[in-house]
Undergrad: 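Dumping the structure here so I can ask a few things about it.
If you're wondering where the values come from, they're calculated on a predicted model, not measured in any experiment. Side chains are part of it too, since the values below use all heavy atoms of this structure and drop only hydrogens, waters and symmetry mates.
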Amino acid sequence: MKEALEPIEDFSLNLAGEKGKEVILAISGRLALENLHRFRSELKKRWTEMYPAKLTVDLAGVDYLDSAGALALVQMESEAQARAVSFSFSNVHEEAQRIMGLIDREALTQPPLIPEKRSISLLEQVGEASQRIFADLVQMLTFLGELLTALFSALWHPRSVRWGDVLFYMKRAGVDGLPIVGLIALLLGLIIAFMSSLQLKQFGANIYVASLLAVAMVEELGPIMTAILVAGRSGSAFAAEIGTMKINEEVDALITMGFDPVRFLAVPKVLAAMIVVPVLTIYAIFSGLLGGLIIGVLGLDLTVYSYVQETKRSIELFSLVSSLIKSVVFAMLLAGIGCQRGFQVQGGAEAVGAATTSAVVAGIFLIIVTDSAFALALHYIR
Amino acid sequence: MPSSDKIPVIEVAGLTARFGDNIVFENVTFQVFKGEILVVLGGSGCGKSTLLKHLIGLYQPYRGRVLIHGVDINTDDDAQLRKLRTGFGVLFQSGALFGSMSLAENLALPLQEYTDLSADIIELIVKMKLGLVNLAGYENHLPEEISGGMKKRAGLARAMALDPTILFFDEPSAGLDPITSVELDNLIKSLNAGMGTTMVVVTHELESIFNIAHRVVMLEKSARGIIAMGDPRDLQQHSRDPRVTNFFNRLPPEAKETRTGNGQKNL
Ligand SMILES: Nc1ncnc2c1ncn2[C@@H]1O[C@H](COP(=O)(O)OP(=O)(O)OP(=O)(O)O)[C@@H](O)[C@H]1O
Ligand SMILES: [Mg+2]
């Protein structure tokens, strides 16, 4: 419930005259925002009692009037005029007159201006939306092109890269991400090992928990989960950082100083991610396998030695290497999309928020799509 | 005062700016001469910032072109573009300092990028530039640790890092108290006088205009372009265009009957 403002003092209405003929309404007391609602309902009641043909409103007793009160009076006047009642105020104080004079009567009835370009029909909206999606796609591809060019040129001229920044973002995205990546991978390992052990136990195939987990962690879960976590932690941070710089005109400043913002802002972040994400992926794989080992030893009576042996046996070098390559690609995509969404920011603070959200959503989407492509390609290469 | 032999440094020819269906201004043509302070003025929304962004190459012209030292600011030649861009400095409205870097790092950035000076000389230049804008000793402060006026001065120091021949200012006095803004104006004047830097300033502060402008270009929204050009005092006294004289005499665009008068009649 809203708490209404308590009136300090109140108004009173006094009617004199004949019903349906000339009526004088004397208002006295305080007419302000906090009793506006009651004033209007009171007034309506009185109106239906009297139906005057001519109404004079006597304001002699009004000792306080604010702009809301003045609005009520002005509205009363226009309502009376709308009902063809001849209307006048009498005994208006100078102060009340000034306040009522401030109210722009035209502004009350003026329809709102229509901001340019607001589509009306559904069809138009659908068209606009698809145009936007298309433009977005084009922008994304253009940015990807610029980014790749900048990355290649960074390979040719490693001295042109801002390595200080790269190190900074490696720490941010990598070192600072170790605890959460490790924890989640460990839990994931525990859960998968536990769930699969429930099934495999029935067949006395306890030892295969190790190989199941190893294959799952190395080939899919390790790289994907790490990439998704980094997209959430760092992709969004990249978007927010660049977006804020965009709003503060810092990106404009860079351009006018002759710097290429992609090279200056995006390349260090993307490079840092590409270096750090594979390392995090390996770390995640080990944490996950550790989780499996814990279940295997404590829950399935396997020895550490046999669990490790079985794990080693099921990990192929090919899948490990292809996983790492995959994670490098994920890193480029998630960091790239983060930067791109940042560069897209236009307007104010809420655009930065939208960019961070969109960086994470688009990042995860790209990761999943790319992973499917990898799965398909690897199936044929192997 | 600008030298008598007027050498155009910036040439704007037939410039049209357009966002979607919204034509902000069309067919704008003017020149900025070497060593002068040109003020771009006009009411809110007339396209001053848009014009400035066209001059510094942040927006592509819909039609027309902008030449700086005779080179198109939207040239495709990367090397030439870089050369052009390092030849001018821009002071953005908020200062646009890089938030993660100290003032010294902000100033050193263009020097490190475009010169092969050693670190100690760069440090010395940074100290000198900070001194020029009365910020000596603030090298190690972060932008967030200094006030708005100081940020603008630091932004100015950074814009001047490479000793550009042209400086652009977007609303230098916006958001500053009157005294700080006069200080900044005086700084602009003294830099112009001392180094002969050509300056283009967007502002609508009258005091500022009369204080610093050698020449003004006045834009108007409904005219979609320039309605007056020349010496501000001259325009104030001798212009025949009421829109111009109204601006210089601080009158609102079309002086309406005041609301109070209107309202009282109805009572
Ligand atoms: N990026 C943009 N996209 C679309 N329209 C724009 C953009 N920038 C400016 N405009 C439009 O151009 C017009 C001029 O804007 P501009 O910011 O140049 O005005 P201004 O003269 O600088 O005003 P002020 O004194 O209020 O800063 C406005 O109508 C604005 O809506
Ligand atoms: Mg502006």
Side-chain angles (χ1 to χ4, degrees), chain A residues 57 59 67 70-71 73-74 77-78 81 87-94 96-108 115-117 128 149 153 159-160 162 164-165 168-169 172 241-242 244-261 263-265 268 346, chain B residues 19-22 49 52-53 55-59 73 78-101 105-107 109-114 143-144 151 155 158-159 161-162 164 166-168 170 256 258-267:
Chain A
V57 175
L59 297 180
S67 71
L71 177 67
L73 295 177
V74 168
E77 183 186 5
S78 44
Q81 277 161 0
F87 183 95
S88 62
F89 287 113
S90 68
N91 299 325
V92 189
H93 300 297
E94 203 185 316
Q97 207 163 54
R98 245 182 284 138
I99 295 183
M100 285 162 76
L102 283 179
I103 295 176
D104 181 351
R105 283 150 214 249
E106 274 165 40
L108 298 178
E116 271 175 63
K117 280 223 296 187
E128 241 173 42
T149 322
S153 98
R159 296 209 33 206
S160 74
R162 300 173 53 80
D165 283 2
F168 174 80
Y169 290 112
R172 272 281 184 82
E241 188 185 322
I242 295 181
T244 312
M245 290 184 74
K246 191 90 193 290
I247 289 179
N248 288 343
E249 300 182 302
E250 289 172 48
V251 175
D252 286 350
L254 271 180
I255 297 173
T256 54
M257 285 160 81
F259 290 91
D260 174 6
R263 206 209 81 194
F264 195 92
L265 295 176
Q346 233 168 25
Chain B
F19 297 106
D21 298 330
N22 174 17
S49 304
L52 190 80
K53 289 196 168 148
L55 295 187
I56 59 183
L58 287 176
Y59 287 164
I73 185 71
D78 279 349
Q80 213 167 28
L81 191 62
R82 257 166 90 94
K83 195 166 150 249
L84 211 57
R85 282 181 168 160
T86 52
F88 65 75
V90 185
L91 172 57
F92 288 89
Q93 197 162 330
S94 57
L97 296 168
F98 302 122
S100 56
M101 301 181 186
E105 286 165 340
N106 263 287
L107 263 76
L109 187 68
L111 292 165
Q112 285 160 351
E113 180 75 13
Y114 296 113
E144 70 198 21
K151 269 184 213 161
R158 188 183 64 188
L162 297 172
I166 311 173
L167 276 172
F168 295 93
D170 192 3
K256 285 186 207 157
T258 54
R259 290 256 161 80
T260 336
N262 242 344
Q264 276 171 346
K265 255 191 296 180
N266 291 340
L267 284 173

Undergrad: Quick one: pull up CG in D260(A) and CG in L81(B) and give me the separation to the nearest 0.5 Å.
TA: 10.5 Å
Undergrad: Select one option (side chain, backbone, both, neither) describing which atoms of L58(B) are under 4.5 Å from chain A's heavy atoms.
TA: side chain
Undergrad: Please determine if R263(A) and E113(B) form a salt bridge, counting it only when a charged side-chain N lies under 4.0 Å from a carboxylate O.
TA: yes
Undergrad: Is it true that, when you exclude R172(A) itself, more than 12 heavy atoms of the residues, nucleotides or ligands shown sit nearer than 6.0 Å to its CZ?
TA: no
Undergrad: According to ring-ring contact (aromatic ring centres under 6.0 Å, His included), who are the partners of F92(B), at least two apart in sequence or on a separate chain?
TA: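 In terms of ring-ring contact (aromatic ring centres under 6.0 Å, His included), with neighbours along the sequence ignored, F92(B) is linked to no residue.
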Undergrad: Does any backbone or side-chain atom of Y114(B) lie under 4.5 Å from a heavy atom of chain A? Answer side chain, backbone, both or neither.
TA: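 Just its side chain gets close to chain A.
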Undergrad: What's the shortest heavy-atom distance between A96(B) and E249(A), and which atoms?
TA: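 A96(B) and E249(A) have their closest heavy atoms at CB-O, 3.5 Å.
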Undergrad: Check whether K53(B) gets within reach of chain A through its side chain, its backbone, both or neither, counting any heavy atom under 4.5 Å.
TA: side chain
Undergrad: How many angstroms lie between atom CG of D252(A) and atom CD of Q93(B), to the nearest 0.5 angstrom?
TA: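 Output value for this atom pair is 12.0 Å.
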Undergrad: Just how far is it from atom OG1 of T256(A) to atom CG of L55(B), taken to the nearest 0.5 Å?
TA: 12.5 Å
Undergrad: Considering only heavy atoms, which portion of F259(A) lies under 4.5 Å from any heavy atom of chain B: side chain, backbone, both, or neither?
TA: both
Undergrad: Which residues pass the side-chain hydrogen bond (donor to acceptor under 3.5 Å, both in side chains) test with D170(B), sequence neighbours left out?
TA: none
Undergrad: Between atom OG1 of T86(B) and atom CE of M257(A), what is the distance when rounded to the nearest 0.5 Å?
TA: 11.0 Å
